[in-house]
Novice: 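The structure's right below; bear with me while I get my questions together.
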Amino acid sequence: MGYGDVQMIDENGNRVDGRKAGDIRPIEIELGVVPVADGSASMRWGTNYVIASVYGPMEAHPRKIQRQERAVLDVRYNMAPFSTTDRFRPGFNRRSREISKVTSDALESVVLLELYPRSKIRVEIEVICAEAGTRCVGLTAASLALADAGIPMTDMVVSVASGKINGIVVCDLNKEEDNYGAADLPMGVLPNTGELVFLQMDGDLSPSEFQEAWDYNMEAALKIHVIMKEAIANKYGGGQ
Amino acid sequence: MSSSGASDGRTSAASGSLVIPGDKISSDTSDRLGHGVMKLNGEMIATKLGYVVVKAGEISITPIHTAYFPRPGDLVIAYIEGMRSNIWFIDLNAPFNAILPMSLAPMKIDYGGTRDAMNVGTTILCRVQEVDEAHSSVVTMKGMGLRKVNSGFVDTIPPHLVSTISSGTNAIINQLKDASNCRIILGANGRIWVDGEPEGIRLVRNALAFVRDNEHSTDLAGAFTGHLANGNGE
């Protein structure tokens with residue numbers, strides 16, 4: 001039996017975890033979970049559990065990374081060895097480096113780095129439990145942690161991945177769908193303007209399927225943005 | 001390729017409401033832009049997580065979290081972090097450290113005598129003299145009341161609360177001084193030096209913990225008065 005033979009969505013549109021095509025997994029957000037950090041956030045998304053913490057702005061060391069006109073965003077994405085079923089070899093690897101870079105590029109679109117010349121803002125993303133879509137969870141949690149740290153930004157970044165399973169485009173792939181699906185399209189979106197700050201694709205999607213996945217991601221980003229705002233209001237009160 | 005999904009959720013935020021980065025505050029850009037607000041695509045949006053304040057034609061955000069950025073003239077309570085032969089490196093509770101040149105020290109010392117004069121860990125009262133565009137600052141200890149601190153203890157409050165607890169007719173800091181009978185100096189960097197009898201110091205510590213826990217309340221001074229009247233939680 002090959003990957004294409006795994007049935008992950010039935011004729012009624014029910015996925016293996018009971019969701020419909022456009023549904024996202026349950027999300028829980030908590031801010032201020034790392035007291036020693038300037039800002040932090042934890043995000044439970046399905047079985048994913050990610051903690052993001054932000055330090056800075058601080059002096060940029062080593063000096064060679066300093067930029068005269070703006071701050072440097074130093075993002076580090078790491079998966080704990082116990083975060084996956086098979087032990088994940090600790091340490092920085094090619095995948096971590098790639099995800100760190102795309103996360104940094106996405107966040108640089110919104111952070112007002114020019115306000116802190118010659119300084120560094122450090123973002124640490126630690127995956128405690130992984131279940132597909134960790135880069136999306138990490139990017140979203142990092143955006144929350146930056147806001148919690150008081151780092152000025154033009155918007156929040158919300159990231160979500162849609163994909164194709166058994167020829168059907170669905171939103172927010174879980175582990176089985178990510179492993180056995182035909183395509184995966186993670187995106188990072190600014191919810192207030194609809195602008196795109198992060199886009200990757202794995203597998204094959206036709207133009208119409210791409211549009212469908214795009215629309216799912218945009219719609220899900222708005223829902224997740226509401227969840228983020230609720231979590232922030234729960235922590236700091238709705239107003240004075 | 002359509003980009004459906006641009007949020008219509010940008011609604012104007014009322015004064016006192018909690019906003020997150022990207023939230024629209026106003027479409028009326030005639031108001032002055034204060035802290036944490038910027039103009040984008042013809043609208044005023046929040047750039048920080050905090051509460052909207054509309055005052056005297058200016059819209060600003062009181063942030064949930066701030067870092068202390070020194071300004072010339074600030075009185076600060078700082079720690080010596082390191083030294084060279086003619087200079088000390090100072091921890092200001094800011095993202096960037098400051099320097100204290102030998103020439104601005106309160107005592108006369110010889111070249112190479114910095115460690116004997118003020119060692120690592122020493123607490124000092126100093127004033128920010130200048131800050132350059134790269135956020136490097138120079139502090140001075142030449143001035144009235146600027147000295148090494150040899151007694152008491154130092155506590156910390158979020159820097160954005162400094163003006164809150166020191167302003168008003170019934171300022172929190174004045175209430176604290178009266179209630180504790182201690183000498184209290186509030187630094188602009190959020191550090192507070194307290195010296196006095198142990199009972200007074202304990203009262204101050206409990207009171208500052210209350211301030212930190214209730215920093216986002218609407219009437220912090222009033223709540224603080226009630227807290228002191230109720231025995232400071234003891």
Novice: So which part of B:A94 gets closer than 4.5 Å to some heavy atom of chain A, the side chain, the backbone, both or neither?
Specialist: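 Contact with chain A is absent: no heavy atom of B:A94 under 4.5 Å.
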Novice: Taking all non-hydrogen atoms of both residues into account, name the closest pair between A:K229 and B:D23 and its distance.
Specialist: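 Closest approach of A:K229 to B:D23: NZ-OD1, 3.1 Å.
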Novice: For A:E98, I'd like to know if atom CD has over 12 heavy atoms of other residues, nucleotides or ligands within 6.0 Å.
Specialist: yes
Novice: Is it true that atom CZ of B:R84 has more than 12 heavy atoms of other residues, nucleotides or ligands lying nearer than 6.0 Å?
Specialist: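 Result for CZ/B:R84: open.
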Novice: Look up atom OH in A:Y236 and atom CG in B:L18, then write down how far apart they are to the nearest 0.5 Å.
Specialist: 9.5 Å
Novice: Does a sphere of radius 6.0 Å around CZ in A:R70 hold more than 12 heavy atoms from other residues, nucleotides or ligands, not counting ones at 6.0 Å or beyond?
Specialist: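 Result for CZ/A:R70: enclosed.
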Novice: I'd like to know which of A:K120, A:M228, A:M58, A:E59 tops the heavy-atom pair count under 4.5 Å against chain B.
Specialist: A:E59
Novice: Counting heavy-atom pairs closer than 4.5 Å to chain B, which one of A:M156, A:M153, A:Q68, A:E195 comes out on top?
Specialist: A:M153
Novice: Do the ring centers of B:F96 and A:Y116 come within less than 6.0 Å of each other?
Specialist: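 Not close enough - the centres of the two rings lie 6.0 Å or further apart.
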Novice: Would the number of heavy atoms belonging to other residues, nucleotides or ligands and lying under 6.0 Å from CG of A:D204 be above 12?
Specialist: no
Novice: Rounded to the nearest 0.5 Å, what separates atom CG in B:L49 from atom CG in A:L144?
Specialist: 9.5 Å
Novice: Measuring heavy-atom distances to chain B, does A:I121 have an atom under 4.5 Å in its side chain, in its backbone, in both, or in neither?
Specialist: neither
Novice: Hey, what do you get for OG1 (A:T193) to CG (B:N41), rounding to the nearest 0.5 Å?
Specialist: 8.0 Å
Novice: Less than 4.5 Å to any heavy atom of chain B: does that hold for the side chain of A:L112, its backbone, both, or neither?
Specialist: side chain
Novice: Who passes side-chain hydrogen bond (donor to acceptor under 3.5 Å, both in side chains) against A:Q66, sequence neighbours left out?
Specialist: none
Novice: Using heavy-atom distances under 4.5 Å, tell me whether A:N217 contacts chain B through its side chain, its backbone, both, or neither.
Specialist: neither
Novice: Listed by residue number, which members of residues 133-142 of chain A have a heavy atom under 4.5 Å from any heavy atom of chain B?
Specialist: none
Novice: I need the B:T47 OG1 to A:I151 CD1 distance, nearest 0.5 Å.
Specialist: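 Here the rounded value is 11.0 Å.
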Novice: For the candidates A:A147, A:G39, A:S143, which exhibits the highest count of non-hydrogen atom pairs separated by less than 4.5 Å from chain B?
Specialist: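 Of the options given, most contacts go to A:A147.
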Novice: Who pairs with A:N48 by side-chain hydrogen bond (donor to acceptor under 3.5 Å, both in side chains), at least two apart in sequence or on another chain?
Specialist: none
Novice: Any idea which heavy atoms bring B:I45 and A:T154 closest together, and the distance?
Specialist: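 In terms of heavy atoms, the two residues are closest at CD1-O, 3.5 Å.
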Novice: Evaluate the side-chain proximity of A:D38 to B:H65: yes if any heavy-atom separation is below 4.5 Å, no if none is.
Specialist: yes
Novice: Kindly compute the distance separating CE (B:M38) from CG (A:L115), expressed to the nearest 0.5 Å.
Specialist: 9.0 Å
Novice: Considering residues at least two apart in sequence or located in another chain, which fulfil the side chain to side chain contact (heavy atoms under 4.5 Å, CB included) criterion with A:S104?
Specialist: A:L73, A:V75, A:E108
